[in-house]
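Here's the structure, in structure tokens; my notes come after.
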Amino acid sequence: QARLVESGGGLVQAGGSLRLSCADSRSIFGINAMGWYRQAPGKQRELVAAITSGGATNYADSVKGRFTISLDYAKNTMYLQMNSLKPEDTAVYYCNVRRQVAIESEYSYWGQGTQVTVSL
């Protein structure tokens, strides 16, 4: 069964950088999409960035120009490079994978989450 393991979260000062990793136990060739979501205290979970196996990407307006999502097929891993971090980026970050399991049938699964805290 598919499994996701996240790493790379931590505490950084405003203006600093972090790189989050999400490793899949299965090959990521042929996925429908992978993405990063985040949830801050008292807020709803929101999409941060998404990518398809074809390379198309989408970013939330709040992170455009600062974050970059990418895939490493050799390592079955998705990354989120986070630059120029702001206190507003503080949240738990979750990775997500969407796969096709049958005709007109799709499922998704999540990583355990990793805490990102940005101080002044």
Side-chain angles (χ1 to χ4, degrees):
Q1 187 175 4
R3 180 187 177 194
L4 299 176
V5 178
E6 298 181 24
S7 62
L11 173 63
V12 298
Q13 291 185 334
S17 298
L18 286 172
R19 187 175 75 160
L20 306 183
S21 299
C22 176
D24 200 325
S25 62
R26 298 175 60 189
S27 171
I28 62 173
F29 283 106
I31 59 165
N32 287 351
M34 297 183 70
W36 291 95
Y37 293 73
R38 68 186 181 188
Q39 187 165 22
K43 305 294 184 180
Q44 297 187 80
R45 187 172 298 188
E46 63 176 350
L47 176 67
V48 177
I51 188 168
T52 70
S53 60
T57 58
N58 187 49
Y59 296 91
D61 289 341
S62 60
V63 307
K64 287 181 179 177
R66 300 188 297 120
F67 291 8
T68 303
I69 189 171
S70 62
L71 299 174
D72 186 334
Y73 291 100
K75 296 181 178 180
N76 294 324
T77 298
M78 174 178 66
Y79 299 101
L80 184 67
Q81 180 65 47
M82 308 166 66
N83 298 327
S84 302
L85 283 162
K86 305 175 180 179
E88 307 94 272
D89 296 318
T90 295
V92 178
Y93 285 70
Y94 299 90
C95 62
N96 175 266
V97 180
R98 301 180 69 87
R99 291 182 181 269
Q100 207 75 33
V101 296
I103 297 176
E104 298 185 9
S105 180
E106 184 185 74
Y107 78 100
S108 66
Y109 51 100
W110 297 86
Q112 80 281 3
T114 184
Q115 177 71 48
V116 172
T117 303
V118 184
S119 63
L120 293 175

Rounded to the nearest 0.5 Å, what separates atom [atom1] in [X] from atom [atom2] in [Y]?
X    : Y    : atom1 : atom2 : value
L80  : M34  : CG    : CE    : 11.5 Å
Y107 : Q100 : OH    : CD    : 10.5 Å
M82  : R19  : CE    : CZ    : 13.0 Å
I31  : S108 : CD1   : OG    : 12.5 Å
E106 : R99  : CD    : CZ    : 11.0 Å
N96  : L47  : CG    : CG    : 9.0 Å

Looking at [X] and [Y], what are the two nearest heavy atoms and their distance?
X   : Y    : result
L18 : G8   : CD2-O, 3.8 Å
I69 : I51  : CD1-CG2, 3.7 Å
S84 : S17  : N-OG, 4.3 Å
A91 : Q115 : O-NE2, 3.4 Å

* Side chain of T52, backbone of A33: donor and acceptor closer than 3.5 Å? -> no

* Asked: Within the distance-only criterion (no hydrogens, no angle test), does the side chain of Y94 pair as donor or acceptor with the backbone N or O of E6 below 3.5 angstrom?
  -> no

* Asked: Between Y93, W36, Y37, which is the residue that forms a ring-ring contact (aromatic ring centres under 6.0 Å, His included) with W110?
  -> Y37

Going by heavy atoms in the side chains, are [X] and [Y] under 4.5 Å from each other?
X    : Y   : answer
Y59  : T68 : yes
V116 : L20 : yes
I28  : M78 : no
R38  : V63 : yes

Are [X] and [Y] connected in the hydrophobic side-chain network, where two residues link if heavy atoms are under 4.5 Å apart?
X    : Y    : result
Y73  : Y79  : no
V101 : Y109 : yes
V92  : L4   : no

* Where at least one partner belongs to residues 65-82, residue pairs that pass salt bridge (charged side-chain N to carboxylate O under 4.0 Å, His left out), sequence neighbours excluded -> R66-D89

